[in-house]
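The structure under discussion appears below in the form of structure tokens.
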Amino acid sequence: MLTVDKVAFHYTAATPVLREVSFAAEGGEILALVGRNGAGKSTLLRLLNGLRKPTQGSVVIAGKNTQDTPPHIISHSIGTVFQTPEQQIFNATVRGEVAFGPNNLPLTPQQREERVVRALARTRLTDFAGKHPLDLDQAQRRFVALASVLASQPPALLLDEPQRGLDQRGKKLLEEIIREEQAAGRCIIIVCHDMEFVARLASRIIALSDGRLSADMAPVDFFSDAPAMAAASVEPPDTLRLSAALGLPASLTPSSFADHWLARHN
Amino acid sequence: MITQGSSQTGTALLYVPGNSFIHRMNPLTKLVGLLWLAATTFMLPPGGMAVIFAATFLFGVLAGAGKAFIKRLILTLGPFAIFLFVIHGVLIERHDTIQHEWISFSPEGAQYMLKILVRVAALLAASMLFVTTTHPANLLKALDSHGVPPGIAYLIASPLLLLEPFSARARAIRDAQQARGLDLTGSWKARVKAFPALLIPLVTLALSDLDHRATVLDGRAFRARPFRVVLDAPVDRPYECWLRRALLIALPLQIGVLLWL
Amino acid sequence: MALIDIDNLVFGYGKATPVLDGVNLSIAHGERIAILGGNGSGKTTLAQWIAGSLPRPGMTARSGTLHAEGKPWSDWDALKRAETIQFVGQIPSQQISGFAFTVYDEIVFGPGNLGLEEAEIRKRANWALDTCNLRHLVERDPFTLSGGEQQRLSIAAALVMQPKALVLDEPTGNFDPESRDKLLNQINQLPEDLTVILCDMALKPALAIARRFVLLDEGRIVADSDAQAILAHPRTLEIFGAPAVTEAALAIRAAGRWPESKPLPFTYGQAETLFKEVSHAHG
């Protein structure tokens, strides 16, 4: 689905941003991309969606090499939800904004309409379809950006800090949508600082440190590896620490912790 | 926290750091001097203009901005000279036009062209001398500390300051729209169609910025008092003050002479 | 006299449903208070009222009043307002004056407007630079700083005015955990008598800074209490989600294995002790 092969990137040779980054991902996987501010996450994100071309190595998405495919074509294979919806909103209605993606695809009007309606429903925006996107609150604007990518139905999704600025209700909805996308066989990459969120969702963790890939592990292993976490400035989820302190099997989420605890004390 | 690949002050500025005599002059003196030179070039014969050009160029080199001067002069004057030559030397028919094979040439036209070129060169060199030796921050402080209304000083400073964030944002918007399928590689028709998707977010965000910035200025008591205290204002020597007065008196007189004589 | 006294404030934009729907809140000098709320709860609007940037000209409250040290903001002049309260908004790049080419000039911009003596301005600027850890950036162009640096700069530019109160709207939203903790530490080291009003939708920063917690829900204050009571409030869990350890304890309580008499843990430290006790009781 997606292959990053020995990728290096720099703006000027003296200051490399990324070095020797390699990993691959398949449909149905949820990769969390973690690391401290400035570790190269945003650059890697722009390499994955073809906005930047690797200085060395290659990025191949659904058979397309980003080196010789323009970003708008890559966008049919990987949809990006950026952190600042205000930087892309230009339609006068939420519906128009969500229809932007499908309008660029070879679909019949009816197919387009179906996709827009469904994306609006999934993001709970149906009642706001006729409103101006900038009249919505911050969280709803983020869902407008998400809906506009969902409506294009790309095989891979790239989400930049999607949970940021969302309250619990918003996070729950986001989580539900991400799981549905996973179940539909899409490959999902999430750039994220919120480790509780990562622990609940990710099937794999890719950590960047100083422009290098410092870890590519299953969440349970990553969150038990103190040096790996330190390199990426990451705190383990509390339930994982708690399960270790109580001698229970490693528990990434509250529900798995409760299961382990109840099994022990029954 | 690690600073993300950001540039130091001045990528968008022509300022060349230095400590020359010209650098140390008060920005207001330089500004008045520039205005005076500009007015003067219109009074002088081409020879005089060439002297001004040579002098300002020499000062520029002495101030350590020779490279910047040459680069800017070539970039601007080169195409301009060719353009002028074609128009006045070749295209416009004059009584002295010489027809040689397929090419026509007028010595009078060429002379006229040279006059314009020298004037533009002098104006350009004088402006270059000003911008390469004056950091806008110092100009702002000089205006501010001389009681120029803060609003006017703000109008001068903010476009220079906001150029960088504005272009960074334009890039971010282009990125965001391309990543959702906007085609910026296609025919000019496709690009025209793509224009609103790039322009509307830029305008919306600029308006939102203005709104926030007004609140910020309000919160920091901007204009709450009739005066502001300016720290590190550029030094102003008495002779500079006199020089400025003299130039400011000479300026309208020169323009008067030019218009009525 | 209270710093801020809000009496039954109802406010909305245009004819839309009110954003603030009967808010009553009194904030004393020197308090460390968190105003917590989810998306669309009205906390940013409330913060703007407190800081005096709302109502704008032409806007009014539908009913109720807000008094700052005894008078509505509109009865005070801009100077008094700037010296009483400073507001730092959510988007760092929008908190910069656009009047300064360096970090240092950005910081001395406000005090210059106050018309202070040069020595006093420099003294304050030095203090603000150190407090916000900006010393190494004094020569930089404010617009080329990273988001986190800009955030610290806007806090420094607010502090240098030496206000009685500082209003922070989601100050750590942009930060990784390490930078977040650093900033929270710096906020905690601010002078005791400075009132800090923090608006947030994350519990962690609020728990680190505040001693009083106000829960805003659909424009109304539904709780106003200390940390334990706010964490135990049913809406808190719905809006912010319980801390993971609390959620784990709740799941065990739902299975009937967590005694009703046992308090719920909210922090990791509490959780370790409480879980050990409960595990021990079950053998």
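We name chains A, B, ... by the order of the sequence lines, and we start the count at 1 in each one.
- Checking A:Gln111 against A:Glu113 by side-chain atom types alone, no donor-acceptor pair falls below 3.5 Å.
- Heavy atoms of B:Leu182 lying under 4.5 Å from chain A belong to its backbone as well as its side chain.
- B:Arg169 and A:Gln87 form no side-chain donor-acceptor contact under 3.5 Å, judged by distance and modelled atom types alone.
- Remark: the A:Lys131 side chain and the A:Thr93 side chain contain no N/O donor-acceptor pair separated by less than 3.5 Å.
- Between the side chains of A:Thr69 and A:Thr66, not a single donor N or O lies within less than 3.5 Å of an accepting N or O.
- Only the side chain of A:Ser148 has a heavy atom closer than 4.5 Å to any heavy atom of chain B.
- Options A:Val17, A:Leu51, A:Asn104 differ in how many heavy-atom pairs under 4.5 Å they form with chain B, and the most are formed by A:Leu51.
- Taking the side chain as every heavy atom from C-beta outward, B:Gln177 and B:Arg180 approach each other to under 4.5 Å.
- The parts of A:Glu97 that come within reach of chain B are both its backbone and its side chain, each placing non-hydrogen atoms under 4.5 angstrom from that chain.
- Using a 4.5 Å cut-off between heavy atoms, A:Pro70 touches chain B through its side chain atoms alone.
- With a 4.5 Å cut-off on side-chain heavy atoms, A:Lys53 and A:Arg46 do not count as touching.
- Residue with the most contacts toward chain B among A:Asn49, A:Leu158, A:Ile89: A:Ile89 (heavy-atom pairs, distance under 4.5 Å).
- Contacts with chain A were tallied for B:Ile200, B:Asp183, B:Ile173; B:Asp183 has the most, counting heavy-atom pairs under 4.5 Å.
- Proximity to chain B is absent for every atom of A:Ile73, based on heavy atoms less than 4.5 angstrom apart.
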